[in-house]
Amino acid sequence: MIEIFKNTPPKNKFVLMKRFEKVTFQKNYSIKIVEDFFQKFPEEKQGRKNFKDKEIQNVKLLIYEKIIKKGDMIKADCIGNIKEKTSSKNITITVSYFKKHE
């Protein structure tokens, strides 16, 4: 099981995998389809909010899935130093992978 820390994990338990330090994952997102749908059918928008926030959250979940799969592939024990950056059309997440002390 991979442990996840927002900041740096405890140094007495984990050591940084130098090769996998500050790995960047990027993905573009668009809410154009949703906006076009609601322009065509405005009555459907009633009572629904935050479509952009929900789309950003869905894209972040997809990126985190890739991050965890890569951690399994390289046999990392911990993911730390997570930095998220969201712009108007792009989401970037930077992480570092750690191994347990042996």
Side-chain angles (χ1 to χ4, degrees):
M1 175 113 186
I2 295 178
E3 294 185 47
I4 299 174
F5 291 91
K6 179 83 172 160
N7 297 319
T8 306
K11 291 183 180 180
N12 60 351
K13 285 185 174 181
F14 300 101
V15 63
L16 179 66
M17 298 172 73
K18 297 273 185 189
R19 189 170 168 205
F20 299 104
E21 181 180 13
K22 296 183 181 175
V23 179
T24 303
F25 296 87
Q26 289 185 334
K27 189 155 178 82
N28 295 330
Y29 70 94
S30 175
I31 59 168
K32 185 179 182 312
I33 295 172
V34 175
E35 289 174 346
D36 290 346
F37 175 78
F38 286 127
Q39 283 180 354
K40 199 170 193 176
F41 303 103
E43 67 276 2
E44 292 293 326
K45 192 170 185 174
Q46 195 171 25
R48 300 181 189 187
K49 298 179 185 177
N50 302 325
F51 285 100
K52 184 175 181 180
D53 294 337
K54 289 179 183 177
E55 182 63 24
I56 290 171
Q57 185 179 19
N58 290 339
V59 172
K60 282 183 182 180
L61 288 172
L62 291 172
I63 295 172
Y64 277 112
E65 183 180 0
K66 286 183 185 178
I67 290 170
I68 292 172
K69 281 184 181 179
K70 183 166 178 90
D72 282 340
M73 186 179 73
I74 63 174
K75 297 182 177 147
D77 296 316
C78 177
I79 299 170
N81 296 337
I82 299 171
K83 307 252 186 296
E84 295 179 356
K85 185 177 181 183
T86 305
S87 65
S88 62
K89 301 223 182 241
N90 194 10
I91 296 175
T92 305
I93 299 177
T94 305
V95 298
S96 295
Y97 292 96
F98 295 84
K99 275 278 202 201
K100 283 190 177 179
H101 280 291
E102 295 184 25

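Nothing fancy with the numbering, it's 1 onward along the sequence.
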Candidate pair Phe20 and Lys99, rule side-chain contact (heavy atoms from CB on, under 4.5 Å), full reasoning: CA-CA 11 Å; Phe20 299 104; Lys99 275 278 202 201; over 6 Å; no
Please check if [X] and [Y] belong to a single hydrophobic cluster, counting links between Ile, Leu, Val, Met, Phe, Trp and Tyr side chain heavy atoms closer than 4.5 Å.
X	Y	result
Leu62	Val23	no
Ile67	Leu16	no
Ile56	Val95	yes
Ile4	Ile91	yes

Heavy-atom closest contact (Gly80 atom, Pro9 atom, distance):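 Closest heavy-atom pair between Gly80 and Pro9: CA-CD, 4.3 Å.
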Least distance between heavy atoms, Ile68 atom then Ile2 atom: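 Smallest interatomic distance, heavy atoms only, reads O-CD1, 3.9 Å.
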More than 12 heavy atoms from other groups under 6.0 Å of CD1 on Ile33: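 12 or below, so no.
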Crowding at NZ, Lys6 (>12 non-hydrogen neighbours, <6.0 Å):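 Yes, the 6.0 Å shell around NZ holds more than 12 heavy atoms from other groups.
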Working to the nearest 0.5 angstrom, can you tell me the gap between [X] [atom1] and [Y] [atom2]?
X	Y	atom1	atom2	value
Lys89	Ile31	NZ	CD1	8.5 Å
Ile79	Phe14	CD1	CZ	11.0 Å
Ile82	Thr8	CD1	OG1	10.5 Å
Lys11	Phe98	NZ	CZ	9.0 Å
Glu3	Lys100	CD	NZ	6.0 Å
Lys32	Gln39	NZ	CD	8.5 Å

Side-chain heavy atoms of Val34 within contact of Glu55, under 4.5 Å: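 Val34 does not reach Glu55 side chain to side chain.
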Heavy-atom side-chain contact between Lys83 and Lys22 under 4.5 Å: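 When only atoms from C-beta onward are counted, Lys22 and Lys83 do not touch, as no gap falls below 4.5 Å.
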Ring pair (Phe, Tyr, Trp, His ring centres under 6.0 Å) against Phe5, all qualifying residues, sequence neighbours excluded: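 Ring pair (Phe, Tyr, Trp, His ring centres under 6.0 Å) list for Phe5, sorted by chain: empty.
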Residues in ring pair (Phe, Tyr, Trp, His ring centres under 6.0 Å) contact with Phe25, at least two apart in sequence or another chain: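 Per chain and number, Phe25 pairs via ring pair (Phe, Tyr, Trp, His ring centres under 6.0 Å) with no residue.
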Polar side-chain atom of Asn81 near backbone of Ser96 as donor-acceptor pair, under 3.5 Å: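 Side chain of Asn81 to backbone of Ser96: no pair is present.
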Sidechain-backbone polar pair: Tyr29 side chain, Ser88 backbone, donor-acceptor under 3.5 Å: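 Here the side-chain-to-backbone pair exists.
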Positive for side chain to side chain contact (heavy atoms under 4.5 Å, CB included) with Ile63, one of Lys27, Gln26, Glu84: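 Among Lys27, Gln26, Glu84, the one that satisfies the side chain to side chain contact (heavy atoms under 4.5 Å, CB included) with Ile63 is Lys27.
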Identified side chain to side chain contact (heavy atoms under 4.5 Å, CB included) counterpart of Tyr97 within the set Lys70, Glu21, Lys18: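 Of Lys70, Glu21, Lys18, side chain to side chain contact (heavy atoms under 4.5 Å, CB included) with Tyr97 is met by Lys70 alone.
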Check against side-chain contact (heavy atoms from CB on, under 4.5 Å), Thr86 and Lys60: CA-CA 10 Å; Thr86 305; Lys60 282 183 182 180; 3.8 Å; yes
